[in-house]
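Read the structure below first, then the notes.
Throughout, protein chains are lettered first and strands after them, A, B, ... in sequence-line order, and every chain is numbered starting at 1. Hydrogens, waters and symmetry mates are skipped; everything else that's a heavy atom, side chains included, is used.
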Amino acid sequence: MAESLINLQIKPEWFARSADRVAPDLLGCTLVRQIEGISYRGLIVETEAYDATDPACHGYKRQTERNRAIFGQPGSLYVYLIYGIYHCINIVCDRTDYCSAVLIRALDLDLIPEWVSEKEKRSRVAAGPGKLCRALQIDRSLNSLPLSLGSNIWIEPKAVDLEFSVVQTTRIGLTQGADIPWRWYIQNHPAVSKY
DNA sequence: GTCCGGATCACT
DNA sequence: GTGATCCGGACA
């Protein structure tokens with residue numbers, strides 16, 4: 001059983017491409033988060049790309065203690081705290097020592113964790129980068145870890161028979177680089193954070 | 001040392 | 001439109 005799970009994981013080499021190519025390919029893949037032996041599965045429905053050419057990227061100016069993980073190995077995690085309250089999760093792309101990552105902005109969860117409040121609508125509990133991290137207990141303790149079974153977080157490939165239309169547009173919430181069209185989402189999906 | 005503002009979200 | 005709430009990074 002564990003054997004088949006390992007085979008389902010996307011390998012790190014898959015992320016060794018520019019972020020703007022990885023980001024649309026992540027749509028339809030599944031982010032799996034394991035907590036106390038339970039696997040919570042979320043279909044990735046919205047992503048954004050960031051990289052060294054981009055003034056909105058945390059590593060744009062230079063490497064610092066805070067953004068160190070975004071320069072890490074492809075297929076590892078960059079998790080940071082935003083506005084003092086929320087966390088955001090990125091998958092590091094391209095090559096080591098180059099800043100490049102994909103922000104996971106929204107998931108469609110198959111199972112709603114018990115700590116999520118009842119009133120939240122199922123399709124919207126992970127509709128936004130801060131919300132999905134809260135729902136899946138993702139915080140900076142995961143920063144710089146590789147996606148893997150051992151990290152209790154990994155990504156599985158898109159099912160071959162899963163079909164959808166992809167929309168490409170500009171990113172959300174930025175003061176710089178707002179004109180770069182590096183946001184992708186599954187058209188008409190109810191879990192997308194914003195239309 | 002001090003200050004500023006952010007890849008957010010919920011509420012008015 | 002605004003408040004919540006943290007802390008890294010810029011500048012002195």
Side-chain angles (χ1 to χ4, degrees), chain A residues 15 18-27 29 31 33 42 44-72 74 76-94 98-109 112-113 115-145 147 153 155 166-186 189-195:
Chain A
F15 295 97
S18 62
D20 62 308
R21 282 191 291 151
V22 173
D25 285 357
L26 273 174
L27 297 176
C29 296
L31 180 71
R33 170 67 166 143
I44 299 173
V45 301
E46 182 182 355
T47 57
E48 286 179 359
Y50 292 84
D51 84 6
T53 64
D54 160 22
C57 182
H58 288 175
Y60 178 65
K61 290 179 183 171
R62 59 193 175 82
Q63 185 171 337
T64 66
E65 186 52 36
R66 174 189 184 230
N67 67 29
R68 189 170 40 83
I70 204 175
F71 292 84
S76 63
L77 300 175
Y78 170 50
V79 183
Y80 65 92
L81 180 66
I82 186 74
Y83 300 108
I85 333 178
Y86 297 99
H87 294 271
C88 291
I89 183 171
N90 294 254
I91 315 302
V92 176
C93 298
D94 213 298
Y98 181 77
C99 76
S100 169
V102 173
L103 171 71
I104 309 295
R105 280 197 58 92
L107 300 174
D108 183 20
L109 294 183
I112 305 304
W115 53 84
V116 171
S117 71
E118 277 289 323
K119 67 176 182 180
E120 292 248 46
K121 225 169 130 54
R122 194 199 71 87
S123 67
R124 301 292 299 167
V125 280
K131 295 172 76 177
L132 74 89
C133 285
R134 187 181 56 194
L136 297 181
Q137 298 187 352
I138 292 165
D139 61 29
R140 283 186 296 175
S141 67
L142 297 177
N143 191 37
S144 81
L145 292 182
L147 286 168
I153 185 166
I155 294 179
V166 173
V167 179
Q168 177 175 8
T169 181
T170 51
R171 297 171 297 181
I172 290 181
L174 303 180
T175 53
Q176 301 185 87
D179 53 327
I180 302 173
W182 275 4
R183 172 177 176 241
W184 292 264
Y185 61 84
I186 294 180
H189 198 291
V192 168
S193 69
K194 272 190 177 174
Y195 280 103

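Atom CD in A:Gln176 sits roughly 14 Å away from atom C1' in B:dC4 (whole-Å rounding). Atom NZ of A:Lys61 is separated from atom C1' of C:dC11 by 12 Å (rounded to the nearest Å). A:Asn67 has its CG atom 14 Å from the C1' atom of C:dC7, to the nearest Å. Going from atom CG of A:Leu81 over to atom P of B:dC9 covers 13 Å, rounded to whole Å. B:dG5 atom C1' lies 14 Å from atom CG of A:Leu174, rounded to whole Å. For the pair A:Arg183 CZ and B:dT8 P, the computed distance is 11 Å after rounding to whole Å. Rounded to whole angstrom, the span from the CG atom of A:Asn90 across to the C1' atom of B:dT8 amounts to 14 Å. In this structure, the CZ atom of A:Arg124 is 13 Å from the C1' atom of B:dA10, given to the nearest Å.
Judged by distance alone, the side chain of A:Arg122 and the main-chain N or O of A:Leu109 form a donor-acceptor pair under 3.5 Å. A donor-acceptor pair under 3.5 Å is formed between the side chain of A:Arg33 and the backbone N or O of A:Gln137. A:Arg124 places a side-chain N or O within 3.5 Å of a backbone atom of A:Ser193 that can act as its donor or acceptor partner.
With B:dA7, B:dC9, C:dA10 as the candidates, the nucleotide lying closest to the side chain of A:Tyr80 is B:dA7.
Counting any heavy atom pair closer than 4.0 Å across all strands shown, A:Gly130 reaches sugar-phosphate atoms only and no base atom. In this structure, A:Leu103 reaches the bases: a heavy-atom distance under 4.0 Å links it to at least one base atom across the strands shown. Note on A:Arg66: only backbone sugar-phosphate atoms sit closer than 4.0 angstrom, heavy atoms only; bases stay farther off.
Nucleotide B:dA7 has no partner under the Watson-Crick or G-U criteria, as no pair reaches both atom distances under 3.5 Å. Pair assignment for C:dT5 gives none, since no Watson-Crick or G-U wobble pairing has each distance under 3.5 Å.
Taking atom C1' on both nucleotides, C:dT2 is separated from B:dG5 by 15 Å, rounded to a whole Å. Separation of the C1' atoms belonging to B:dA10 and C:dC7 is 22 Å when rounded to the nearest angstrom.
For B:dC9, the OP1/OP2 oxygens have no side-chain nitrogen or oxygen of A:Arg134 closer than 4.0 Å. OP1 and OP2 of C:dG8 both lie 4.0 Å or more from every side-chain N or O belonging to A:Arg68. In this model, the phosphate group of B:dG6 is approached by a side-chain N or O of A:Thr175 to a distance below 4.0 Å at OP1 or OP2.
Ranked by how close their nearest DNA chain C nucleotide is to the 5' end, A:Glu65 and A:Ile82 are led by A:Ile82. Mapped onto DNA chain C by nearest heavy atom, A:Ile85 and A:Arg140 fall at different nucleotides, with A:Ile85 at the one closer to the 5' end.
Of the residues A:Lys194, A:Arg105, A:His189, the one that meets the side-chain hydrogen bond (donor to acceptor under 3.5 Å, both in side chains) test with A:Glu46 is A:Arg105. Looking at A:Ile89, A:Asn90, A:Leu142 one by one, the single match for side chain to side chain contact (heavy atoms under 4.5 Å, CB included) with A:Tyr78 turns out to be A:Asn90.
Applying the 3.5 Å distance criterion, the base of C:dA4 shares no donor-acceptor pair with the side chain of A:Tyr83.
At least one side-chain heavy atom of A:Ile153 sits less than 4.5 Å from a side-chain heavy atom of A:Leu77.
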